[in-house]
Amino acid sequence: MPTPSHSQPIPTTWFSRCATAVAPDLLGCWLVRRFPNGLIARGLIVETEAYTPNDPAMHAYRRRTARNSVMFGPAGITYVYLIYGMYHCLNVVTDQDGTPSAVLIRALQLDPIPTWIDLKRDKPHRIAAGPGKLCRALQIDLNHTAQPLVPERGLWLEHRTPQFQMDLERGAIAFTQTTRIGLTQGVELPWRWYLPDCNAVSKK
DNA sequence: TACGGGATCTGT
DNA sequence: CAGATCCCGTAA
């Protein structure tokens, strides 16, 4: 899918809405990474999850702590955490300042594939399939938490192409909404969205 | 200070 | 389906 040269970073105000509104709106948008060596890779966002206040699966559900405090801040900031001691997960903080919530970015279709990634290990469309794998592929770790999503930090978001937006409005593309993955709490909440027929999306 | 679990992924 | 591996939240 072509990327228009006129794309601008999505402004922080766009994220100042309920996570359940932002999560589907992020499908078809682009996560853009500029690596330390200067290479720029784009990932089409194909799977997201919303985490809201009063949501038992949300990391700040019990109380505000050092780790989750960024989710209480203004929207449009990254929230990255380490899980199972080996993988990182990337969220974008949403909603009003003071309202803890975020959207987890779960899967991307990456283009181009960075040259240093071992293609024998994975099919190209599986390189960024999963929240841990996309952070590994894009070299996102705890250094990237609590950062604004701007080119100056090497990580930002861009809106859908006009083509994607048209296909969506015409009904040629439709999203699937269902329950979230890998949780022990809030299992029944249907706050995962994905592009069907996309082989980077989590199974289940 | 100690302990156990987790919004994951991989290889068996 | 178990193991890797470490930070953080909770209890003491």
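A note on names: the letters A, B, ... follow the listed sequences, proteins ahead of strands, and every chain is numbered from 1. Values below: every heavy atom of this structure, side chains too, minus hydrogens, waters and symmetry copies.
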>> With a strict under 4.0 Å distance from non-hydrogen atoms of chain A, what nucleotide opens and what nucleotide closes the contacted stretch of DNA chain B, reading 5' to 3'?
In response: B/dG6 to B/dT10
> Where is the tightest heavy-atom contact between A/I45 and A/I105, given as atom of each residue plus distance?
Replying inline: CD1-CD1, 4.2 Å
> Taking any atom under 4.0 angstrom from a heavy atom of chain A, which nucleotides of DNA chain C are the first and last to qualify, 5' to 3'?
Replying inline: C/dA4 to C/dT10
> Backbone N or O of A/Q96 within a donor-acceptor pair of the A/S16 side chain at under 3.5 Å?
Replying inline: no
>> Assess the residue pair A/N91 and A/Y81 against the criterion (side chain to side chain contact (heavy atoms under 4.5 Å, CB included)); give the C-alpha distance rounded to whole Å, side-chain angles, the decisive distance to 0.1 Å, and a yes or no.
In response: CA-CA 9 Å; A/N91 296 255; A/Y81 64 90; 3.5 Å; yes
>> How close do A/V80 and A/T145 get, counting heavy atoms only, and between which atoms?
In response: N-OG1, 2.8 Å
> Looking at DNA chain C, which of residues 185-196 of chain A put a heavy atom within less than 4.0 Å of it?
Replying inline: none
> For A/V103 and A/F15, what are the C-alpha separation, side-chain angles and deciding distance, and is it a side chain to side chain contact (heavy atoms under 4.5 Å, CB included)?
Replying inline: CA-CA 10 Å; A/V103 171; A/F15 299 96; over 6 Å; no
Under 3.5 Å, side-chain donor or acceptor atoms of residues 170-177 of chain A against the rest of the protein: list the pairs with distances, not counting sequence neighbours.
| unit_1 | atom_1 | unit_2 | atom_2 | d |
| --- | --- | --- | --- | --- |
| A/R170 | NH1 | A/D167 | OD1 | 3.4 |
| A/R170 | NH2 | A/D167 | OD1 | 2.9 |
| A/Q177 | NE2 | A/P190 | O | 2.7 |

>> Quick check: closest heavy atoms across A/A75 and A/T12, and the distance to 0.1 Å?
In response: O-CB, 3.8 Å
> side chain to side chain donor-acceptor pair (under 3.5 Å) with A/Y79: which of A/Q147, A/H59, A/H144?
Replying inline: A/H59
> Applying salt bridge (Lys or Arg N to Asp or Glu O under 4.0 Å), which residue pairs with at least one partner in residues 51-69 of chain A are found, sequence neighbours left out?
Replying inline: A/D55-A/R180
> Which residues pass the salt bridge (Lys or Arg N to Asp or Glu O under 4.0 Å) test with A/E47, sequence neighbours left out?
Replying inline: A/R106, A/R192
>> Could you report the tightest heavy-atom contact between A/G186 and A/P56, atom names first, then the distance?
In response: N-CG, 3.8 Å
> Once Watson-Crick and G-U wobble pairs under 3.5 Å are found, how is DNA chain B written in dot-bracket notation, 5' to 3', with | for any base paired to another strand?
Replying inline: ||||||.||||.
> If you count the non-hydrogen atoms of other residues, nucleotides and ligands that lie under 6.0 Å from CG in A/N37, is the total more than 12?
Replying inline: yes
> If only atom types and distance count, is the side chain of A/Q109 paired as donor or acceptor with the main-chain N or O of A/A200 below 3.5 Å?
Replying inline: no
>> For a side chain to side chain contact (heavy atoms under 4.5 Å, CB included) check, start with the C-alpha distance between A/W14 and A/H159, then their side-chain angles and the critical distance, and finish with the verdict.
In response: CA-CA 10 Å; A/W14 190 82; A/H159 279 303; 3.3 Å; yes
> For DNA chain C, what residues of residues 70-87 of chain A have any heavy atom nearer than 4.0 Å?
Replying inline: A/L82, A/Y84, A/G85, A/M86
> How far apart are the closest heavy atoms of A/V93 and A/P74, and which atoms are they?
Replying inline: CG1-O, 3.5 Å
> C/dT5 and B/dA2: how far apart are their P atoms, nearest whole angstrom?
Replying inline: 23 Å
> Under the salt bridge (Lys or Arg N to Asp or Glu O under 4.0 Å) test, which residues partner A/R17, sequence neighbours left out?
Replying inline: A/D25
> Side chain of A/R33, backbone of A/Q139: donor and acceptor closer than 3.5 Å?
Replying inline: yes
> What pairs with A/D118 under side chain to side chain contact (heavy atoms under 4.5 Å, CB included), at least two apart in sequence or on another chain?
Replying inline: A/K120, A/R121
>> On a heavy-atom basis, which atom in A/I77 and which in A/P148 lie closest, and how many Å separate them?
In response: CD1-CA, 3.9 Å
> For DNA chain B, what residues of residues 91-108 of chain A have any heavy atom nearer than 4.0 Å?
Replying inline: A/N91, A/L104, A/R106
> Is there a residue in residues 118-132 of chain A whose heavy atoms reach under 4.0 Å of DNA chain C, and which residues are they?
Replying inline: none
>> Checking A/L183 against A/Y51 for the side chain to side chain contact (heavy atoms under 4.5 Å, CB included) test, could you report, in this order, the C-alpha distance in whole Å, the side-chain angles of both residues, the deciding distance, and whether it holds?
In response: CA-CA 11 Å; A/L183 305 178; A/Y51 291 85; 3.6 Å; yes
